[in-house]
Each structure stands twice: as C-alpha cells, then as structure tokens.
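Below you'll find the structure, written out as structure tokens, and then a few comments.
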Amino acid sequence: MVEDNKDLHSVENLKGVGPKISQSLKSLGITYIQDAMFHLPFRYEDRTVLTPIGEASYEKSVLIQGEIVKSTVVFRGRRMLFTEIYDGTGRITMRMFNFAMAQHKALKEGLMVRCYGSVTPGPNGKQMIHPQYQIFNKSEDLEVDNSLTPVYPTTSGLQQGRIRKVIKDSIDYCDNHNLLKETSSASMDSGFNNLWENLKFIHHPPAHIDIQTLIEGQHPAQRALIKEELVAHMLCAGILKNELEGRSGPAMEKITNTQNKFTSSLAFKLTNAQKRTWNEIRSDMTGKTPMRRLLQGDVGSGKTLVGALSALHAHENGWQTAFMCPTEILAEQHHLSLTEWFSPHDLKIELLTGSTNSSNRKEIVTKLQTGEINILVGTHALFQEDVIFNRLGLTVIDEQHRFGVHQRFSMLEKGGTKQLSPHQLIMTATPIPRTLAMTVYGSLETSIIDELPPGRKPVETSARPNSMRKKVIKRIEEVCLTGQRVYWVCTLIEDSEELEAQSAEELFKEISESLPNIDVGLVHGRLKKKAKDQVIKKFREGKIQLLVCTTVIEVGVDVPEATLMIIENPERLGLSQLHQLRGRVGRKADSDSHCLLLYKEPLTALAEERIRTMQKTNDGFEIAEKDLELRGAGDIFGVRQSGLMDLKIANPIRDSDLLEEAQNEAIIIAKDNDSFAKVIVRRWIGDRADYSES
Ligand code: ADP
Ligand code: MG
C-alpha cells in the first residue's frame, strides 16, 4: 500500500507559482500539487470547432476568427474599445470596457484575431463582450484544440487562464514524478483503479466524446471518481464521528427568567414553530451529549432569533457562542440584530471578519480568550488558528450549505478542551433530504420551522421581457414615491466578478439618469467594505430608495421596507438562488411584495421552466425539489454550484444510485484498511479535514 500522504509536493514547485499565487490556490483548497489534480472543472467549453461568424447564434458561446477590419476607442458615457472582425461570412464586434492602450494598439487592422465568448445583440449587430482572444498573422496557421477546454472554480485575483495552466502543469508534474499513480493500481478495490487515467480524462476530455454523457455525469471515468468522492466523505464523517464519540457536551441545565424577559422585550411574538424548535434545541443543550442539530426553515421564517435564544441560553450557563456566517454582509447584519435584541441585557457581542482591522482584531482575540466576549459573530475569519475561545459552548452556523462539513468539525476544536465538544446548531434554508444528510454528514437531528411570522404574504412574482424595461423603471418610481424600497439585482456574468461589477455600474448609471427623483445606491463585490456598509445602511434608513446590487445581496440581508425586487437576467440563475434572492422582500407584515423577473429573450426551455416555477410557488421546499430535478441536465456539477455541499464532482441526487455501493465500500475500507482510508480522505478532502490532528 502506497501512502501518498508522505509524499506531498508543494504547488510552489511549479514554474511561475510564487507565494502570492500559492496563497490564492490555498484559498481554493490547493496546497499541494496533488490537490490541484482534484480541483475539477465545473463545466467545459467547446473550442474544438471554428464557427463561421455568419452562423453564430445569440447566447451561445462559440469560437470564431476573422480579420480585424477596424479598431476604435469610442466614448459612450465611458471609454470603450470596439474591434470589428470579418471572416467572409459575417461581421462581429468585440467590445471591451476595461482595456489598456497596449491592447488597443495590438488589435491592428489587417491582423487576424480568434475569440471565444458568447454572442449577444449589440448596437452594431452581433457582439462579444470581453471575449478571450488571441491575435495572429494571416500567414500563421493556428490549430484548434483537440480536447474540450475545462473551466475551473476560481477565486478573485486568479484568472481562469492561470488556474488552467497550474492544473495543466500539475498533470505533467505528477506524470514526471509518478505521483498518484501507484496508489491507484495498488489499491485493493477495482473501483479505485485507473484513478490517474480518470483524472486526466476529466481535466482534458477528448473532443470526439459524447458531450451529453459528460454533461449528465454518466461517463465511466466520472462515475468512478464520483464513487470515490462519496466514499471519501463517508469515511471522513465516520472518522470524525469516532473521534468525537466519548466526548461530552457542555450541559447547560440552568434555565432562568431571562429568556422570558428577552422574548417579551421583542417587538413581536415568537411563532409557534419558533417556540417548538427552540424547545427541541434547549432540551438538547441541557443534556450531556453535544448537540448536532439542523434547523431548517424557509427564508424569512425567523431562524436568527432561534439562534439568538440558543446563544442567550449558553450565556446564562456561563458559555460563549460563536455565530458563523458565510458572508460579511450577513455577519454584520446578525451582529446588528443581536446587538439590538440584546441591548436591554448584559451581553458583550463582537464582530470578526476578514475586514476587521488588526488592532480591533487583536483586542477581540484577547477578550475572547479572557472570556469577556460572550458572543462572537463572524465569517471564515473565525477559523483562524489564533482565534481561541475561553469557554466555547455553542456554535451557531448560518446558511450551512456554504460551509463544508470539515469546517464544522474544525469549530469543535475551538473550545480549548479536547474532552468537551461544544453544541452545534446549523441553520439552513436549503432542505437537505434526510438520507443524504445521514450518509454524507453523519448523523444530525433536524428541527423544522414550518411557519412564517404572521401577516407575511407570499411574494407575488411576475416575469417580463427586457423589452418592457421602460415600464418597469416607471413602476419603480411609483413604488419608491410611496416610501417603499426596491432592489434591482444584476446577476452574475459567468466567471467574472469584474464584469458583474461593471454591468452593475452601467445599470446604476442608466437608472440614476432615468429616475432623477429617486436616490439610487449601488453595491457589488468589488466595493470596499466601508463603502458597501454605508450604502446598505442608507438603504436601511431610507436615505436610498433603490438599491442596484449584484447577487452579493443574496444571503440574509434584511430590510423589511423593501417590497419590490427586480431580478435582471434571471435566466442566469438556478432556482434555489432565485428563491434566496426573492426572500429579501416580503419581510414586512401586511404588506404586498413583488418580485419581477426581467428576462432576456429568447429563453431556453430550462430557464422558462424555472421562471414558471418561481411564479407558481413561494414554498422553499418545493422549489428546492424542483431545482434538483431540473439540475443535472445542462449543469454538470449542479450541486456543487448550488452550494448545497462541498463536493467536487458528485451530485448525491443525480448519483443516488451510487450511494449504497459507496457506503458499503466505505464500511469495508474503514474496517480493513485504515491507511487507505486516510489516503482517500486526504485526496478528496485534503487539508479541510484536519482529522489527523484531532
Ligand atoms: P431567516 O430564517 O431567513 O434567517 P430571519 O431570521 O432573517 O429569517 O428573519 C426574518 C425577519 O423576520 C427579521 O426581520 C426578523 O426580525 C423577523 N422575525 C423573526 N421572528 C419573527 C416573529 N416571530 N414575528 C415577526 N417577525 C419576526
Ligand atoms: Mg437567515
């Protein structure tokens, strides 16, 4: 049995990878060259054929090439570079907002250019916005790729081309150093044969294969990897569970009057569902076994308050709480709600995120260790090693699907004692089928908030084509003038936060100009935190009535006065994401709220079905089910993208037929081959799993 643990090669061994890139790679979970091999594409681009410009249809991504006929910088509100390309069958304009003068110079008339991107209608006919391109001479004979081009999940500061190169080099490196090869052939089970070949295939599928099979995740190479990944997660959950067994939880038996005081100090009454779930949680927390409970409830059902009650209970018993959120905006918001709710009570609540400045951070870390802070709200920043609690008794994890199971487990180590394991409350709006949670997460108890606070009316949803844009803008004005507030969400342009920010800025300009009487604000991922904060604060206070934003707003932002949401290009989003977004409105009792899906024609059948579902129902569970049903087709690794789980290739819904087989194999491996178990877990889960240290 080969143990590839001992033989891990740092990514810095690769040419061109220095400390900066290796840091970015690390944030993607890639520390070693072997990890890079398991960083799998989430879709592919077909650049194996050149499409004649005349035949390129709208909304499809194609590879085209032609002669540069004209390249000019124009000024239309902002500087833009227009490059016209002709190939004998048609013309297309390459349009760029962000460009260097050197780029303009290089795109010389008479030279050839090859572009890959999606074709959209523009002011001069067909256009490609910010395509990937390559300039060459007429005399050159540029070949087309002979394998599909992988597209990888990436992070800001690390461009697609860069990560593609890192992975390509990693393949060569492993090949030359014979890494990942012995393990596969030496492994005990035939299902784990050919790991190396399968990985190579996934990174570079040959052009001739049936792309549909690949899209559906049915290719034998994919199936083998899927099974191995499922086994890895099952092993990991099992290993961690064993490590935790025998540890006791902080029994929080004391129940004081403070809780009643707290609930009666609120402006509203708890719903029955909140009361019931809180009772379930409290009964867990008084016990000696560490709580592992999932609190499911649709967006707007009031999960935060139940989390707050749990934190108060921990405090009453002399324990600290960590309140984990997936985004800064959400962390700030929870910090705000908790501070407000607990203001009549004597609790110290602090906020720690990646943007906390270093002197504040230092103070927080110190006070956390001395126990002066009772509740610490934060993001991934809480995982950092030097963040140590004095007496951590409870972790509340919000919107859990954004955190991996391993991070959940890593929070268990923050209590400062190895024998005692803090209680965990995991809150999510995404319903996870129980069987799935059991297999992949190990055991979890579930509480469900199946009721919305009184007076909430379902958000009425309608859809309009973009041609009715002017009317929509008019309607916004009417709504804002009655004192209500409006979101206009600009959806993600694939793979590019930059482009998304760009289009939000354009939209902001367009709307500010058409609505001079309305105060319009803008937030997107590229803004500094301070600027973002200010805008959201103003929106909350009503100093801004219309907020143009990107999907950064998706999780948790809570401004009850907002009653209308426009989602632009909803066809770009999955159902669950649309539902999450829509949950930002309809938060005020007895107010009618609307969501308007402003789509671009023509719609694909899939997009049409999603939009229809959104109009038909407000029920998060129904929507999640439909989402999973519609995924799979047209979305290679759907679950990963929906964020449902931290999986690289498996989609436990699509691949449910493999669950049982994987489970059986996991049991055998766990029993007979502990070192191989560790190899598999290391491969698929890597450093995220830290089990070796616990
Ligand atoms: P989610 O379950 O989506 O996290 P939140 O916790 O953000 O929902 O709650 C949504 C809104 O409902 C918040 O403004 C919150 O203060 C409010 N809320 C929570 N519980 C109640 C209740 N019982 N009655 C009225 N409003 C409530
Ligand atoms: Mg929430």
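Counting starts at 1 for both ligands and their atoms, following the listed order.
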Please test H579 against D298 for side chain to side chain donor-acceptor pair (under 3.5 Å), starting from the C-alpha separation and ending with a verdict. CA-CA 10 Å; H579 181 62; D298 208 348; 2.8 Å; yes

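Put simply, part of G300 is less than 4.0 Å from ligand 1, judged by heavy atoms. Residue S301 places a heavy atom less than 4.0 Å from ligand 1.
Side chains of Q615 and R610: no donor on one and acceptor on the other come within 3.5 Å.
Within the 3.5 Å criterion, the main-chain N or O of I426 finds no donor-acceptor partner in the side chain of R292. Remark: the backbone N or O of L368 is paired with a side-chain donor or acceptor of Q320 at under 3.5 angstrom. A distance-only check finds no donor-acceptor pair linking the side chain of R282 to the backbone of H313 [under 3.5 Å]. Checking side-chain atoms of Q274 against main-chain N and O of G302 turns up a donor-acceptor pair under 3.5 Å.
The ligand atoms of ligand 1 that sit less than 4.0 angstrom from a heavy atom of T271 are 23 (N). Atoms of ligand 1 lying under 4.0 Å from any heavy atom of W341, numbered from 1 in the order shown and given with element: 16 (O). Close approach to K269 involves these atoms of ligand 1, each under 4.0 Å from a residue heavy atom: 22 (C), 23 (N), 24 (N). Distances below 4.0 Å separate heavy atoms of T304 from the following atoms of ligand 1: 4 (O), 5 (P), 6 (O), 7 (O).
Contact annotation: for D298 versus ligand 1, heavy atoms closer than 4.0 Å belong to the backbone alone. The part of L270 lying near ligand 1 is the backbone, judged by heavy-atom distances below 4.0 Å. Counting heavy atoms closer than 4.0 Å to ligand 1, residue M427 contributes nothing at all. No part of E451 comes within 4.0 Å of ligand 1, judged by heavy-atom distances.
Between N360 and L352, every side-chain heavy-atom pair lies at or beyond the 4.5 Å cut-off.
Ligand 1 has a nitrogen or oxygen under 3.5 angstrom from a nitrogen or oxygen of G302.
Counting non-hydrogen atoms of neighbouring residues, nucleotides and ligands closer than 6.0 angstrom, the CD atom of E372 exceeds 12 such neighbours.
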